[in-house]
Amino acid sequence: MRVAEIRHLPGLVGERVRINGWLYNSRSSGKLRFLIVRDGSGYLQAVVFRPQVSDRVWEQADGVTQESSMWVEGVVKRDERSPGGVELEVGDLGIVSLCPEYPITPKEHGVDFLLNHRHLWLRSRRQHAIMRIRNELIFAIRDFFYRRDYVCIDSPILTPAACEGTSTLFETEYFGEKAYLSQSGQLYLEPAAAAHGKVYCFGPTFRAEKSKTRRHLTEFWMVEPEVAWMRFDELCDLAEEFVSELVARVLERCQQEFAWLERDTSRLEPAASRPYPRLDYADAVAKLAGKGFAVNFGDDFGGDEETALADESGKPVMITRYPAAIKAFYMEPDPQDPSRALALDMIAPDGYGEIIGGSERIGSLELLERRIQEHSLPRQAFEWYLDVRRYGGFPHAGFGMGIERVVAWLCGLSHLREAIPYPRLLNRLYP
RNA sequence: UCCGCAGUAGCUCAAUGGUAGAGCAUCCGGCUGUUAACCGGAGGGUUGGGGGUUCGAGUCCCUCCUGCGGAGCCA
């Protein structure tokens with residue numbers, strides 16, 4: 001007996017196949033049982049007709065419960081009345097493991113309940129679609145860099161001294177010393193850029209910020225390219241090329257998933273092509289003032305401001321040259337105006353917020369030493385980082401992109417918690 | 001951390017200070033094409049914990065716990 005995946009069934013009409021899977025839902029009508037079976041690749045309506053099957057098969061079809069693991073065997077038929085266009089005319093079936101009352105029913109559930117059952121929630125059609133899109137995005141990211149000869153240099157997760165404020169770092173014990181979970185791979189990537197030229201890292205990062213918003217997780221995945229000899233304008237080009245290509249690829253390859261999510265992809269299409277609008281920080285402040293926001297030059301932008309800055313067209317907006325005072329210590333000053341940093345934020349449309357933050361990095365050893373002092377950072381912890389300037393300093397630039405925010409934007413999610421398989425939130429570490 | 005909202009059946013929610021209910025899920029029965037099927041029946045409750053007001057509290061007050069939404073900060 002040929003074992004098939006449900007997604008291949010449209011090409012197997014007329015053949016007799018066996019499907020292994022789980023019962024997603026069932027409906028009945030007299031001598032008919034409609035079993036909706038899912039196998040991870042798709043959903044199949046398996047039709048059991050009383051006169052055509054044995055007593056044993058009929059009893060099993062009648063008694064199989066939601067999420068029982070099972071197999072069905074039969075002939076693939078084309079049928080307009082079936083969701084998906086094809087169905088299985090069941091000749092035989094077996095229950096592998098009968099499922100007791102399943103917690104997640106086809107009706108509505110609350111957020112807390114679903115998060116407590118995240119391990120089961122992942123089986124639901126909507127979550128299934130989201131994870132498929134996340135998977136496609138991740139593969140597209142790696143492919144983007146691979147085709148451009150970037151080398152993947154993953155950064156450590158356990159790091160020694162605190163690089164930025166300790167209040168947002170998760171602390172752990174490391175054989176009698178303190179260690180911290182990484183907030184960013186960037187500092188470790190810069191030395192690697194001197195080794196390979198074009199590098200990137202992609203891994204989990206951790207922020208112990210006690211924030212309770214739809215835009216924050218305490219553990220999230222970030223992809224960070226770092227490029228030797230790259231200047232600020234080229235960095236903006238790279239960010240734009242990167243995001244537009246990712247959007248185009250996911251749009252092309254995940255149509256089925258977007259349909260399940262009922263995502264209006266026409267809202268996403270503008271972001272699949274370049275260019276994206278670029279807005280100098282000063283112009284962004286002026287634009288916000290024009291919209292009635294009480295923002296002064298020198299302020300950072302909050303969530304509402306970001307949403308207001310996003311382009312009505314559906315394209316992400318790039319805000320450039322922020323005041324150096326509100327940005328990180330390692331950012332290169334703008335030669336035209338040293339009070340500004342060669343920093344870039346990319347803001348996704350429709351309120352999905354900042355998806356990219358990046359900059360050209362300080363090239364000068366003296367300036368970097370001064371900045372470390374100005375920020376009251378422990379100098380000795382940064383000696384290795386200063387070596388990047390000490391031993392053959394070079395201009396370089398890079399950015400970080402939060403994967404979950406991009407997934408949330410692509411999928412149209414109202415909260416980041418659905419964009420990652422097992423979300424880690426303030427007060428949530430289970431399952 | 002601050003501000004606001006909520007906690008009642010397995011789940012989602014009702015119930016003017018006066019006998020705790022519905023839908024879904026579960027179990028039983030019916031139906032030859034269902035699309036979160038439908039129809040009939042049954043079981044299912046220490047109303048988050050503690051204290052208080054009252055003849056009487058799911059409902060009002062105090063307190064703690066848990067969750068949700070938002071702010072700050074960020075990707």
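Chain letters run A, B, ... following the sequence lines, proteins first, then strands; residues in each count from 1.
Look at the C1' atom in both B/rC11 and B/rA36: the space between them is 14 Å, to the nearest Å. Nucleotides B/rG56 and B/rA15 have their P atoms positioned 25 Å apart, rounded to a whole Å. Here the separation of B/rC60 from B/rA6, taken at their P atoms, is 9 Å to the nearest Å. Between B/rC39 and B/rG23, the two C1' atoms lie 15 Å apart (nearest whole Å). Nucleotides B/rC61 and B/rU54 are separated by 12 Å at their C1' atoms, to the nearest Å. Nucleotides B/rU46 and B/rU53, compared at atom P, are 26 Å apart to the nearest Å. Taking atom P on both nucleotides, B/rU59 is separated from B/rG7 by 11 Å, rounded to a whole Å. Atom P of B/rG72 sits at a distance of 43 Å from the matching atom of B/rG18, rounded to the whole Å.
Within 4.0 Å (heavy atoms only), A/Ile355 reaches sugar-phosphate atoms of the nucleic acid but no base atom.
Along RNA chain B, the nucleotide closest to A/Glu87 and the one closest to A/Gly303 are compared, and the more 5′ of them pairs with A/Glu87.
Taking the 5.5 Å centre cut-off and the 30° plane limit, the aromatic side chain of A/Phe220 is classed as stacked on B/rA75.
If you look at A/Tyr43 and A/Tyr24, their ring centroids are closer than 6.0 Å.
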